[in-house]
Amino acid sequence: MTGIGVRISGLALAAVSGLSVTGLSVTGVAQAAPGVAPGATAPSAPASAATVEEQRLDRAVPQEILRRSGFDAVAPAFARALERAGSYEEARRVAVRQGSALWRRAVDRAQGRGPVAGDLPVDDDRPLYWARLGMTREVRGLQPGFSLTERQRDRLLEALERTTRGQSDIRLPGAEGGLKRVLVTGFDPFTLDRDIRISNPSGASALALDGTVIETAAGPARVETAVFPVRWDDFAAGEVERTLRPHLPKADLFMTVSQGRVGRFDVERTNGAWRGGFADNANVSRTGLAPVSDPATQPQWTTTTLPYREIVAADTGRFPVYDNTSVTEIPAGGTGPVVRPDGPTPGSAARAGGGGDYLSNEIAYRATLLRDRLGLRDRLPGGHVHTPVLQFAPDDTTEVTDPEFETNRRDIVGQVRGIVGVAVGAVR
């Protein structure tokens, strides 16, 4: 996702644990909620309306993608399991179990394991996205036979978000054994009101790489991945930091990946602290400094520690790879934005990083700021890579897939794998 042209690229999940205070004593013994007679069931919070993202589900293209991938049965099966739950705790176990199963199913499908239903290519990331929305919509409309508070409903949604995105499935191995440990992130499809058919090659790359071992010049590397939503408010609530913080100290390299410019890869040298306001998947716009913890120490810029020279020089695939050093800033003492081809000047205020001013820039900013705040800057290579825009054939404006689209996605995913391998191999 970039702030250049149609700002293309790619949180906020509380920990999914514990019981609600409402209806429980401090020892976990059930009690009536205030105002409810002993033995009576407290009324559930009213069902929530479907979100903007969930409302797109009923359009023809998402339904075709789900049907042609065999993922059309995911949400109905989840709904039936929720109906059988006799308590919030049972419903939460259903959400965690089936959310995790959806992530593993999407990963297995992308990597050619197990039976494959439907005729869509296995590396398609869109079935996961639309099936997840079907599951979250079921939770929003749930009217169970047990008491369900608004906070408990939110926790069910949080459980689904974390599990279906692989965020709770990251398993970096120990340092013993010689395996390098790599963390890669991708994004959901976005700009879906412009073209509902859109796929995101960064999400497809995450599915293709999760749990795999890549041979590199520095030895074998184990890759773990996760996918993030294209929503400003989830980032503001700390989803990036919450997901990455436990794992960055164990990693040998991390790479945030998103869709960027047409026909090229970019290693983004500098990330800015500015949100440019382009609408997200919820049709929400946010402009201003990226909200982070301890804003008093928040820098305007962070930088990559990826081995960008080696990445740019390597033959990783058919798309050219660039070291992108451009930023947009308001110079110290200035009043208007200025494009700087060679990076920011001292004391300037960020208006766009190399990766623009959308959520791809923000995940790069947040991940590298977290790296620095954890004291890992000098030992942990990490930063952002933009993939080419995934394009359909020029004359295809209606089909959900075509041979050129499939070839482009396959080549982009393969080149992401190659770039990861080069980056790890350059780390000694």
Side-chain angles (χ1 to χ4, degrees), residues 1-5 7-12 185 187 228 230-242 244-245 248 254-258 260-261 266-278 280 284-306 308 322-386:
M1 303 176 211
T2 75
I4 298 172
R7 297 174 188 157
I8 297 178
S9 166
L11 267 191
T185 68
F187 272 105
F228 286 89
V230 184
R231 295 191 299 254
W232 292 111
D233 291 348
D234 295 69
F235 275 49
E239 185 167 346
V240 173
E241 293 83 356
R242 189 158 37 249
L244 301 185
R245 183 177 288 108
L248 289 189
F254 72 89
M255 187 181 295
T256 56
V257 183
S258 66
R261 301 165 179 88
D266 288 280
V267 183
E268 306 297 353
R269 186 84 72 87
T270 306
N271 318 297
W274 189 254
R275 300 175 143 197
F278 188 70
D280 63 12
V284 169
S285 176
R286 297 284 185 257
T287 304
L289 280 175
V292 299
S293 63
D294 194 11
T297 65
Q298 179 178 11
Q300 288 291 309
W301 309 100
T302 63
T303 60
T304 189
T305 49
L306 289 173
Y308 53 86
Y322 294 91
D323 169 24
N324 184 29
T325 59
S326 178
V327 301
T328 302
E329 67 175 19
I330 297 179
T335 58
V338 177
V339 176
R340 300 290 191 191
D342 298 319
T345 57
S348 66
R351 285 301 178 267
D357 56 10
Y358 196 37
L359 286 161
S360 58
N361 168 77
E362 186 158 329
I363 197 170
Y365 177 81
R366 288 179 178 277
T368 49
L369 178 60
L370 178 62
R371 173 204 63 197
D372 297 348
R373 286 180 166 180
L374 291 173
L376 301 173
R377 191 183 191 286
D378 293 334
R379 82 150 186 87
L380 179 59
H384 193 77
V385 171
H386 264 120

Side-chain donor/acceptor of [X] to backbone N/O of [Y], under 3.5 Å:
{"X": "Q298", "Y": "A290", "result": "yes"}
{"X": "W232", "Y": "F278", "result": "yes"}
{"X": "Q300", "Y": "A350", "result": "yes"}
{"X": "T305", "Y": "G382", "result": "yes"}
{"X": "N361", "Y": "A352", "result": "no"}

Among T304, D323, T325, D342, exactly one meets side chain to side chain donor-acceptor pair (under 3.5 Å) together with R269. Which residue is that?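 Of the listed residues T304, D323, T325, D342, the side chain to side chain donor-acceptor pair (under 3.5 Å) partner of R269 is D323.
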Between E329 and T345, is any side-chain donor less than 3.5 angstrom from a side-chain acceptor?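 Per modelled atom types, E329 and T345 side chains form a pair under 3.5 Å.
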Distance-only side-chain donor-acceptor flag, R377 / T303, under 3.5 Å: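 Yes.
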For T368, give me all partners under side-chain hydrogen bond (donor to acceptor under 3.5 Å, both in side chains), at least two apart in sequence or on another chain.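 Counting only residues at least two positions away or on another chain, T368 forms a side-chain hydrogen bond (donor to acceptor under 3.5 Å, both in side chains) with N271, T302.
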Nearest 0.5 angstrom please: D378 CG to R371 CZ, how far?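 Going from the CG atom of D378 to the CZ atom of R371 covers 9.0 Å.
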Find the distance between CG (L380) and CG (L374) and round it off to the nearest 0.5 Å.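 L380 atom CG to L374 atom CG measures 9.0 Å (nearest 0.5 Å).
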List the atom of [X], the atom of [Y], and the distance in Å for their closest heavy-atom pair.
{"X": "P331", "Y": "S348", "value": "CA-CB, 4.0 Å"}
{"X": "H384", "Y": "A364", "value": "CB-CB, 3.4 Å"}
{"X": "A367", "Y": "F254", "value": "CB-CE1, 3.8 Å"}
{"X": "L369", "Y": "P299", "value": "CD1-CD, 3.6 Å"}

Could you walk me through whether F228 and L359 pass the side chain to side chain contact (heavy atoms under 4.5 Å, CB included) check? CA-CA 10 Å; F228 286 89; L359 286 161; over 6 Å; no
Could you go through the side chain to side chain contact (heavy atoms under 4.5 Å, CB included) check for R351 and I330 one step at a time? CA-CA 7 Å; R351 285 301 178 267; I330 297 179; 3.5 Å; yes
Heavy-atom check, side chain of P295 versus side chain of L289, under 4.5 Å: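 Result no, sub-4.5 Å side-chain heavy-atom pair not found.
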Begin from the C-alpha positions of D280 and Y358 and carry the test side chain to side chain contact (heavy atoms under 4.5 Å, CB included) through to its verdict. CA-CA 9 Å; D280 63 12; Y358 196 37; 4.0 Å; yes
Determine, stepwise, if the pair R275 / F235 fulfils side chain to side chain contact (heavy atoms under 4.5 Å, CB included). CA-CA 11 Å; R275 300 175 143 197; F235 275 49; 3.9 Å; yes
Among D266, N324, L306, the one residue meeting side-chain contact (heavy atoms from CB on, under 4.5 Å) with V385: L306
